[in-house]
Amino acid sequence: MNQDQLIINLEMKISYLEDFVQQLQEVVLEQGTALERLKAENQHIKTKLADMAEQLEGDVPNRRPPHY
């Protein structure tokens, strides 16, 4: 192989690597968005469960079930 062919091969590899990095960046951004959405949903569920527990606290006695 001559030097020109080596340079062309290196440029092609760099081009593929740049494309691959761009694809990875897009995936990471999508996953970050999904993670933030899931965190918000988790927080909402925790708040809702805490509210439900507060409402039920007076209705349910805090004692062991009879099978213990």
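This one's a predicted model, so the numbers in the text were calculated from it and none came from an experiment.
Defined by atom type and a distance below 3.5 Å, a donor-acceptor pair is missing between the side-chain atoms of Gln55 and Asp51.
Looking only at distances, a side-chain donor or acceptor of Thr47 sits under 3.5 Å from a matching main-chain atom of Gln43.
One finds the CD atom of Glu11 at 11.5 Å from the CG atom of Leu6 (value rounded to the nearest 0.5 Å). Summarising the geometry, atom CG belonging to Leu38 is positioned 11.0 Å from atom CD belonging to Gln31; distances are rounded to the nearest 0.5 Å. The CD1 atom of Ile8 lies 8.0 Å from the CG atom of Asn2; values are rounded to the nearest 0.5 Å. For the atom pair Glu18 CD and Gln23 CD, the distance stands at 12.5 Å (nearest 0.5 Å). Put simply, CG on Leu10 and CD1 on Ile14 are 6.0 Å apart, with the number rounded to the nearest 0.5 Å. Expressed to the nearest 0.5 Å, how far OG1 of Thr33 lies from CZ of Arg37 amounts to 8.5 Å.
Atom CD of Gln3 sits in a sparse spot, with 12 or fewer heavy atoms from other residues, nucleotides or ligands closer than 6.0 Å.
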